[in-house]
Amino acid sequence: MRHPPLERLSRREWLALLAVSASCRSPAPAPAASGDAPLALADFEPTSALRIDQTTIDTAKFPAIDFHSHLSWSAVGLGTEPFGERVDFLETPVNLLAVMDRKNVQTMVNLTGGVGAGLSTVIERFDHAHPGRFLSFTEPSWNAFARDDFPTFQAEQIDEAREIGARGLKLTKT
């Protein structure tokens, strides 16, 4: 009986073939003839056979845009302030600009700009102080999800963020 080529097998036929092959596997290899135990995984230290020249690139050949950075983050759990209204910063713009210039990074996109007053602070500190070098995004206010008016509230937040100067919306993993 001829069997169809492997690429024509159905999903059920593939699974059956895998089950049969798994049940027919050979036993584990015997220890070395010297009577030593098999090599423990903790003792396995392979060395790579790959040998290539390495090139260190210190700066981008063309002006680059770092589209995924987190220059600020919402300071949560600091009293009665709503999420995103107060932010902390990774670094000062002056220090970031020095590294950006050295590496030929034209613009950094800050995905975690916060909301409301926090977003205003971020945009003033980065975007307005250094036009074109920093772009800040806003974030959804997931902590307000239980509100009855959440869709309207969130739409208003996004509109307000656009008016403040947010350049995009980061959908967080939350």
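Because the structure is a prediction, the values reported are computed rather than measured.
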Notebook entry, point to check: Under 4.5 Å between side-chain heavy atoms, hopping through other hydrophobics if needed: is there a path connecting W73 to M108?
Noted result: yes

Notebook entry, point to check: Looking only at heavy atoms, which two atoms of Q154 and S141 are closest? And how far apart?
Noted result: OE1-N, 2.8 Å

Next item on the list: Identify the two heavy atoms, one from A60 and one from N104, that lie closest to each other, and give their separation to 0.1 Å.
Entry: O-ND2, 3.0 Å

Notebook entry, point to check: If every non-hydrogen atom of P140 is compared with every non-hydrogen atom of L171, which pair is closest and at what distance?
Noted result: CG-CD2, 3.8 Å

Next item on the list: Identify the heavy atoms of A161 and L119 that sit nearest to each other, and give their distance.
Entry: CB-CD2, 3.4 Å

Notebook entry, point to check: Is there a side-chain contact between V99 and R102, using heavy atoms and a 4.5 Å cut-off?
Noted result: yes

Next item on the list: Measure the OG1-CD distance between T152 and Q157 for me, rounded to the nearest 0.5 Å.
Entry: 12.0 Å

Notebook entry, point to check: Tell me, do W142 and F150 make a side-chain contact under 4.5 Å, heavy atoms counted?
Noted result: yes

Item checked: E139 side chain to G114 backbone, donor-acceptor under 3.5 Å -> yes

Next item on the list: Give a yes or no on whether D148 atom CG has more than 12 heavy-atom contacts from other residues, nucleotides or ligands under 6.0 Å away.
Entry: no

Notebook entry, point to check: From T107 OG1 over to F67 CZ, what is the distance, rounded to the nearest 0.5 angstrom?
Noted result: 11.0 Å

Next item on the list: Please name the pair of heavy atoms, one in S72 and one in G113, separated by the smallest distance, quoted to 0.1 Å.
Entry: OG-CA, 3.9 Å

Check: How are the rings of H130 and F134 set to each other: parallel, tilted or perpendicular (split at 30° and 60°)?
Finding: perpendicular

Next item on the list: Quick one: which residue pairs count as a side chain to side chain donor-acceptor pair (under 3.5 Å) with a foot in residues 44-68, not counting sequence neighbours?
Entry: H68-H70

Margin query: Within this structure, what is the CD1-CD1 distance for the pair I164 and I123, rounded to the nearest 0.5 Å?
Written below: 6.0 Å

Next item on the list: Enter the distance from L169:CG to R162:CZ here, rounded to the nearest 0.5 Å.
Entry: 13.0 Å

Checklist line | R133 atom CZ, neighbour heavy-atom count above 12 within 6.0 Å | finding: yes

Item checked: Straight-line distance of L71 CG to D88 CG, nearest 0.5 Å -> 13.0 Å

Item checked: Path from V87 to V109 over hydrophobic side-chain contacts below 4.5 Å -> no

Notebook entry, point to check: Going through the distances and angles, do F89 and N110 end up as a side-chain contact (heavy atoms from CB on, under 4.5 Å)?
Noted result: CA-CA 11 Å; F89 299 100; N110 180 18; over 6 Å; no

Margin query: Side-chain heavy atoms nearer than 4.5 Å, only ILVMFWY residues, links allowed to pass through others: does that put F137 and V122 together?
Written below: no

Checklist line | Cluster link L111 to V115, ILVMFWY, side chain under 4.5 Å | finding: no

Next item on the list: Give, for atom CD of E163 and atom OG of S120, the distance between the pair rounded to the nearest 0.5 Å.
Entry: 11.0 Å

